Amino acid sequence: MNQRTILVTSALPYANGHIHIGHLVEYLQTDIWVRFQRLRGHRCVYMCADDTHGTAIMIRARQEGTTEEELIGRMNEAHRRDFAGFDIQFDNYGSTHSPENRALCQEIWSAIRRAGLVSTQQVEQLYDAQAGTFLADRFVKGTCPKCAAPNQYGDSCDRCGAHYSPTELVDPKSTLSDTTPEVRTADHLFINIERLHDFLTEWTRSGDHLQTEVANYLAGHFLNEPLHDWDVSRPAPYFGFEIPDSPGNYWYVWFDAPIGYMASTRQWCDRRGERFDDWWRSDRTEIHHFIGKDITYFHTLFWPAMLKTSGFSLPTKVHIHGFLTVGGEKMSKSKGTFILASTYLKHLNPSYLRYYYASKLGPRVDDIDLNLDEFVARVNADLVGKVVNLASRTAKFVEKTGLSAVYPADGGLFDQAARDGQAIAEAYEQCDYNRAMRLVMAVADRANQYIEHAEPWNLRKDPAKARALQDVCTIGLNLFRQLAVYLAPVLPRLAEQTGALLHQPIARWDESRTPLVGTPVARFEHMLTRVDPKEIEAMIDESRAADEPQATVSAWDDGPEPLAAEPLAETCSFDEFVKVDLRVARVVEAEAVPQADKLVRLTVSLGGDKRLNVFAGIKSAYAPEDLLGRLVVCVANLAPRKMKFGTSEGMVVASGTGGKDIFLLSPDAGAKPGQRVH
RNA sequence: GGGCCCGUAGCUCAGCGGUUAGAGCAGGGGACUCAUAAUCCCUUGGUCGGAGGUUCGAAUCCUCCCGGGCCUACCA
């Protein structure tokens, strides 16, 4: 067999969230395919990375009071951990926020420039002056200009379905700062992709690059009319890479994200001493992308166009899968079906999900459903009842003797299963895993029938039939080993356990064609336990519980704006905190400072005869007479500060943005002046 | 609003123009007891979402309708 050289990618998960079981459909589908190719003896590498750029990351970092780099670094670690927990094995897992990616973006961008495909066009957009950022449609809310429904997003109305641009909204508000955004115009850079129209028409239709339904979809929806220019830049502020020949503008996240596939490859090449061009500029290397149907457009039109223009290899195939539903419905946080990878791993064995998805996945774009009852039934019946059971019911009879020295007559069972390997391999190759699993289970059924018929448990009773017993178990274990080979892409752990049981590691698909004889057999240990439905319940409960704090927050309807407007300060140690001596104090004198716009002069008592003279900038919100007698919290050990009107010996703490929007803190009833706030 | 996909036995799906529509699981009956109450044999069960049409012939092709799912809304 000719050895193929194959580069495989999965879509880059966005650094804005954790991996959940919906994501895993894709990474498991890809990992199985990669493992299959390697088992077949091909050279196959699997590249992935985090997709880290864009407005959403920028805003989230702000809301969490952290930097984008810290946020994406944390997510990168979490993603790697989750993938590893599911035995998903990348050759390299990088980040789009890497020097390699920046360099490749630059290289591809230059090529697109040289090809004369870039133009500058003015784009009108709402701008939030307080947050200092342009607003995507979903960051603007206002009243629908058609039906006057309040609280509608900037693009269309949920109530009447009207379409409009965010500039048409009545009384628009930024969801970031709750201020009224202004209309601003900015220059954006566009790629004239229409110039590649003929190339794309040809590419999408030829060479099995796409599933037929995808090719038809593109032909009927995009390629039947001129392609719009693609807006690939965003004005500052934007978390991403600044475009070197267009200062102040950044590459749109969808420009640099797919280039992340290449950047990840480059990191791997540098580490392994490989030549990058052997992978991305070679006719001999196949490139396979696995993606979800939602990002079809980017991977089948823009991406090939970018690669073509910059002289890199085009994808051999873009494999597109559907989405996951749970119990026939979209994953739901409140129903507990929005299950994070990490939550799953706390309760269940990853092999279960690997097998279950394999048993559901086909080569089409169809959605797949995770039915939890079926999940239990499939795993228990197929994996434990049929497959593992084969070893379980034969291995112990040959623990002492090992396998027969010569493979016995088995009525053609082994040969038939070896021949089935062909069809199973084809199914894997086509990503028709559910067909592959059905074929494998048919082999398992025949093997169980054979054991049933041969009755090793009766042979065992007669010492004269020891030889026959050994032969029957040799056959049973060899059929089992074939299954382990066929399932190895899906269940790498089972393949390893089988290797250990029979003292012969499974490394090649072709090992399913030659019976193993004469080897010792290790003591049998359970390879996979049955799914306990209680664990599923516990997992669902935990997923539902994870949603509850959020539900509480939303019930109070507290918006994220204040925190966004003033991000958290850097971490402060306890020692630093205790330096600040906060005390409960009573206002015993209060007078406005006539010459000052904002100041009120207070005398606060810390109990006994301890008094502090404090100037507070609260005139616009509090009348001095209303303050007399009330309790406040003040910073009592603040260094005195000389002001025009006297010396301020402390600070009265308050929140708010200023003006009428100032709120003094007061302790609950019972607090006494002079008590420290800890 | 636009679009894509699906609707075949209780459940999950295969079949995608041609003999009486299949599988696994579940259900019912039996066998076995080696095995993680696993396995084996037999068996019940469907007017292929609905209505039209094309055809000698349709679950399979076309149209419409109904039901479900999903995506999309600085981009289509």
Side-chain angles (χ1 to χ4, degrees), chain A residues 22 55 123-126 134-140 153-158 160-166 186 188 190 193 213-214 216-218 220-222 225 227-235 252 254 292-298 301-302 320 322-325 328-331 356 359-360 362 364-371 373-378 380-397 432 434-435 437-438 441-442 444-445 447-461 469 472-473 476 524-531:
Chain A
T55 314
V123 173
E124 209 175 58
Q125 231 184 321
L126 291 179
F134 283 94
L135 298 166
D137 286 358
R138 67 199 165 100
F139 289 114
V140 186
Y153 283 113
D155 48 0
S156 67
C157 176
D158 281 345
C160 72
H163 267 256
Y164 39 77
S165 97
H188 284 226
F190 285 75
I193 192 177
E213 66 263 48
V214 176
N216 290 341
Y217 163 70
L218 295 171
H221 291 88
F222 300 102
E225 56 186 15
L227 295 162
H228 298 296
D229 289 349
W230 184 33
D231 183 353
V232 291
S233 78
R234 297 293 181 271
Y252 175 47
W254 264 111
K293 62 184 181 182
D294 52 325
I295 53 177
T296 297
Y297 179 67
F298 296 102
L301 298 177
F302 294 136
I320 302 176
F323 279 84
L324 179 74
T325 55
E329 297 178 335
K330 189 177 177 171
M331 296 192 299
Y356 183 75
S359 78
K360 304 289 279 190
R364 306 263 69 98
V365 187
D366 306 345
D367 292 345
I368 68 167
D369 184 52
L370 167 57
N371 177 299
D373 293 334
E374 190 203 7
F375 175 87
V376 176
R378 267 251 153 84
N380 289 349
D382 292 355
L383 291 186
V384 182
K386 287 181 182 172
V387 177
V388 172
N389 188 226
L390 263 177
S392 178
R393 67 194 306 200
T394 51
K396 66 189 264 188
F397 297 140
D432 199 351
N434 89 66
R435 180 174 160 76
M437 294 307 105
R438 266 183 284 127
M441 288 311 139
D445 285 340
N448 274 305
Q449 286 162 23
Y450 168 79
I451 298 295
E452 196 71 23
H453 188 72
E455 302 182 327
W457 53 93
N458 285 334
L459 297 176
R460 170 180 70 147
K461 293 171 186 165
L469 175 64
V472 166
C473 293
F524 181 79
E525 286 168 19
H526 282 185
M527 294 177 162
L528 199 64
T529 55
R530 307 170 68 73
V531 182

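Hydrogens, waters and symmetry mates play no part in the numbers below; they use all other heavy atoms, side chains included. Fair warning: this is a prediction, and the values are worked out from it, not measured in the lab.
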Query raised in the report: Among B/U36, B/C32, B/C41, which nucleotide sits nearest the side chain of A/Trp457?
Result: B/C32
Query raised in the report: Is the closest side-chain heavy-atom distance between A/Thr55 and A/Phe134 below 4.5 Å?
Result: no
Report task. Please tell me which of the listed nucleotides, B/A35, B/G69, B/U39, lies nearest to the side chain of A/Asp367? Result -> B/G69
Query raised in the report: Is a donor-acceptor pair below 3.5 Å formed from side chain A/Glu374 to base B/C11, judging by atom type as modelled?
Result: no
Query raised in the report: Within the pair A/Gln449 and B/C41, is there a side-chain N or O less than 4.0 Å away from OP1 or OP2?
Result: yes
Query raised in the report: So which nucleotide from B/U36, B/U12, B/C34 ends up closest to the side chain of A/Asn371?
Result: B/U12
**Report entry** Residue A/Lys396, side-chain atoms from C-beta onward, closest of B/A38, B/A76, B/A35
**Finding:** B/A35
**Report entry** Between A/Asn458 and A/Glu455: side-chain donor-acceptor atoms closer than 3.5 Å
**Finding:** yes
Query - Nucleotide nearest A/Arg530 when distance is taken to its side chain, options B/C25, B/C34, B/A38 - result: B/A38
Requested in this report: Nearest whole angstrom, please: distance from the P of B/A31 to the CG of A/Asn458.
Outcome: 16 Å
Query raised in the report: What nucleic acid atoms does A/Val365 come within less than 4.0 Å of, heavy atoms only: base, sugar-phosphate, or nothing?
Result: nothing
Query raised in the report: Considering only B/C40, B/A38, B/C25, which nucleotide approaches the side chain of A/Glu452 most closely?
Result: B/C40
Query raised in the report: Can you tell me how far P of B/C13 sits from CG of A/Asp373, to the nearest Å?
Result: 14 Å
Report task. Please state how far atom CD in A/Glu455 lies from atom C1' in B/C40, giving the value in whole angstrom units. Result -> 10 Å
Requested in this report: Determine the contact category for A/Val123: base if any of its heavy atoms lies under 4.0 Å from a base atom, sugar-phosphate if only primed atoms, P, OP1 or OP2 are that close, otherwise nothing.
Outcome: nothing
Query raised in the report: Looking for any heavy atom pair under 4.0 Å, which part of the strands does A/Asp445 touch: base, sugar-phosphate only, or nothing?
Result: sugar-phosphate
Requested in this report: Measure the distance between the ring centre of A/Tyr297 and the centre of the six-membered base ring of B/A76, then answer whether it is under 5.5 Å with planes under 30°.
Outcome: yes
Report task. Return the value, rounded to whole Å, for the distance between atom CZ of A/Arg393 and atom P of B/A37. Result -> 13 Å
**Report entry** A/Asp445/A/Lys386 ion pair, N-O < 4.0 Å
**Finding:** yes
Report task. Could you work out the separation of B/A59 and B/C4 based on their P atoms and round it to a whole Å? Result -> 26 Å
**Report entry** Stacked pair A/His453-B/C40, distance under 5.5 Å, angle under 30°
**Finding:** no
Query - Rounded interatomic separation in angstrom, taking CZ from A/Arg378 and C1' from B/A26 - result: 13 Å
**Report entry** Upstream residue (5' side of RNA chain B) when A/Leu324 and A/Arg234 are each assigned their closest nucleotide
**Finding:** A/Leu324
Report task. Output yes when at least one side-chain N/O atom of A/Lys360 is less than 4.0 Å from OP1 or OP2 of B/C13, else no. Result -> yes
Query raised in the report: For B/A14, does OP1 or OP2 lie under 4.0 Å from any side-chain N or O of A/Arg438?
Result: no
Query raised in the report: Nearest of B/G69, B/U36, B/C11 to any side-chain atom of A/His526?
Result: B/U36
Query raised in the report: Side-chain N or O of A/His228 less than 4.0 angstrom from OP1 or OP2 on B/A76?
Result: yes
Query raised in the report: Which whole number of Å gives the distance between the C1' atom of B/C11 and that of B/G17?
Result: 29 Å
**Report entry** side chain to side chain contact (heavy atoms under 4.5 Å, CB included) assessment of A/His188 paired with A/Gln125
**Finding:** CA-CA 11 Å; A/His188 284 226; A/Gln125 231 184 321; 3.8 Å; yes
Query raised in the report: Does a side-chain N or O from A/Arg460 land closer than 4.0 Å to OP1 or OP2 of B/C34, or not?
Result: yes
Query - For RNA chain B, stems built from three or more consecutive Watson-Crick or G-U wobble pairs below 3.5 Å - result: B:1-7 with B:66-72, B:10-13 with B:22-25, B:27-31 with B:39-43, B:49-53 with B:61-65
Query raised in the report: Where the side chain of A/Asn389 is concerned, which of B/U12, B/C25, B/U39 is the nearest nucleotide?
Result: B/U39
Report task. Please work out whether the ring planes of A/Phe298 and A/Trp254 are parallel, tilted or perpendicular, with thresholds of 30° and 60°. Result -> parallel
